[in-house]
Protein chains: 2
Amino acid sequence: MLDSAPGATPGPSRRSSDATRAAILDAARARFAADGYDRATIRAIARDASIDPSMVMRYFGNKEALFATAVAVDLRLPDIAALPREEVGRALVAHFLGLWEDNGELTAMLRVGVTNPVGAERMRSVFRDQLLPVTRLVCPDPEQVPTRSALCAAQLLGLALTRYVLRLPPAVELAPEEVVAWLGPTLQRYLTAPSP
Amino acid sequence: MLDSAPGATPGPSRRSSDATRAAILDAARARFAADGYDRATIRAIARDASIDPSMVMRYFGNKEALFATAVAVDLRLPDIAALPREEVGRALVAHFLGLWEDNGELTAMLRVGVTNPVGAERMRSVFRDQLLPVTRLVCPDPEQVPTRSALCAAQLLGLALTRYVLRLPPAVELAPEEVVAWLGPTLQRYLTAPSP
DNA sequence: CGGAGATGTCAACGCTTGTTGGCCTACGCA
DNA sequence: TGCGTAGGCCAACAAGCGTTGACATCTCCG
């Protein structure tokens, strides 16, 4: 992630404004994901981006704005209305797993959501604006949509928590196909089974 | 929680050592649960306990030791081997729900587990030493015990996360019986159903 | 009555944090 | 060639943190 020797960059080349912005955002995402909001310091992010901390302020104003810019979550949920109805559970699990595996953005949001009130509000809005509407497409009774959606969120976030944040060994070692095979039917039931 | 006027306690009565210890531990549990490890400051805990911050150090040495003493999690898992085998899922969900509802200790552990490496290790050990052995009593194949146990942990912690930490409205509004009715069969399947 | 020990306060330390303002220096256009 | 400006560094700030040690006061035993 660092690309220059510690005290180097003696004279010549300088970065473009956009490249620096991008480097800061990358470093910020990684730090927020690894350390949570409080422990991810501006100084550490700046160091990772090979720049002075004051530049972070110039580019983004303050820490909260940096977080808001760096962690803009888009779940990119698939159009599950187009799928066979009995496969939506497995499809959702597989989609989330893929999302989580290859970018730290969601881990960052989860860690910060637990640490910080602003982060928690952000997670509630992602739930409300992204997961809930999609659930509406599959659920029989509109009145049950929030409940069923929340149950799905609990199962999916619980997986992320144990696998990517707490790193319980058996949860980490599960192969992706195993996760889908186990959690798929659970989400299927939460979404489509008659309420118990 | 505070029982004296702000600047009061002018002369006479003093507290016993044990009462002060207990007051500090209560305040610490509440603060860790509400704020996580970093934001729960010694100064704030001391203020809640109506005492000088330096006394917290005298009683507990340092912040990490205070946390270790204040948050000593005992899941008190019931002897599920004595239950009818098809009821263990519901029983576990009901037990966890009760545990979580009436003390902040578990919320504290969860919040700190996400924030702090030491807290995460603590959660792994609770999983390993308390949940996993109980799972062993119900699981058919010993080799599948860690996997099945981790699946249960994911579902239960996901519930706690959405309901007590992130406070997603639909998760908060679920009645306890509803939670048991929805999650019971899930845990039942994770524990006893043939592996998919 | 007197002093030892328990209980508690106060003021300060060294450190880290987010944030600010002044200064430098290389680049690109005229 | 000269110069404005974008890009970057450095030093410092006020605040808050965990932690420490010196000092006060109450209580109880001999």
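FYI, side chains are in, hydrogens and waters are out, and symmetry mates aren't considered; it's all heavy atoms of this structure. Protein chains get the first letters and strands the later ones, always in sequence-line order, with residue 1 at the start of each. Remember, it's a predicted structure, so these values are computed and weren't measured experimentally.
A close approach under 4.0 Å does occur between a side-chain nitrogen or oxygen of A:Thr20 and OP1 or OP2 of D:dG8. Checking the phosphate oxygens (OP1, OP2) of C:dA6, no side-chain nitrogen or oxygen of B:Ser17 falls inside 4.0 Å.
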N/O donor to acceptor pairs below 3.5 angstrom from side-chain atoms of residues 172-185 of chain A, sequence neighbours left out:
residue  : atom : partner  : partner atom : Å
A:Glu178 : OE1  : A:Ala175 : N            : 2.9

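Partners of A:Thr115 under the side-chain hydrogen bond (donor to acceptor under 3.5 Å, both in side chains) rule, at least two apart in sequence or in another chain, do not exist in this structure.
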Identify all pairs in which a protein N or O lies below 3.5 Å from an N or O of nucleotides 19-22 of chain C, and state each distance.
residue : atom : partner : partner atom : Å
C:dT19  : OP2  : A:Lys63 : N            : 2.9

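We find that CZ of B:Phe60 is positioned 13 Å from P of C:dT7, with the value rounded to whole Å. When rounded to the nearest whole Å, the span between CE of B:Met55 and P of C:dC10 equals 13 Å. Following rounding to the nearest Å, A:Arg15 (CZ) and C:dA26 (P) show an atom-to-atom distance of 17 Å. Between B:Asp35 atom CG and D:dG16 atom P there is a gap of 15 Å when expressed in whole angstrom units. At whole-Å resolution of the value, CG in A:Asp38 and P in D:dC17 are 11 Å apart. Residue B:Arg31 contributes atom CZ, which lies 10 Å from atom P of D:dC17 at whole-angstrom precision. If you take CG of A:Leu66 and C1' of C:dG18, they are 12 Å apart, rounded to a whole angstrom. Atom-to-atom, CG of B:Asp18 to C1' of C:dG8 comes out at 16 Å; the value is rounded to the nearest Å.
Under the salt bridge (charged side-chain N to carboxylate O under 4.0 Å, His left out) criterion, no residue pair touches residues 67-87 of chain A, with sequence neighbours excluded. Applying the salt bridge (charged side-chain N to carboxylate O under 4.0 Å, His left out) test to every pair with at least one member in residues 140-165 of chain A, sequence neighbours left out, gives these pairs: A:Glu101-A:Arg163. For residues 103-130 of chain A, the set of pairs meeting the salt bridge (charged side-chain N to carboxylate O under 4.0 Å, His left out) definition, not counting sequence neighbours, comprises A:Glu121-A:Arg124, A:Glu121-A:Arg128.
Ring pair B:Phe67/B:Tyr37 is perpendicular by interplanar angle, where above 60° counts as perpendicular and below 30° as parallel.
In this structure a side-chain-to-backbone donor-acceptor pair under 3.5 Å is present from A:Thr20 to A:Ser16.
With DNA chain D read from its 5' end, the first of the two nearest nucleotides for A:Ser16 and B:Ala44 is the one closest to A:Ser16.
If you check every strand for non-hydrogen atoms under 4.0 Å, B:Tyr59 touches sugar and phosphate atoms only.
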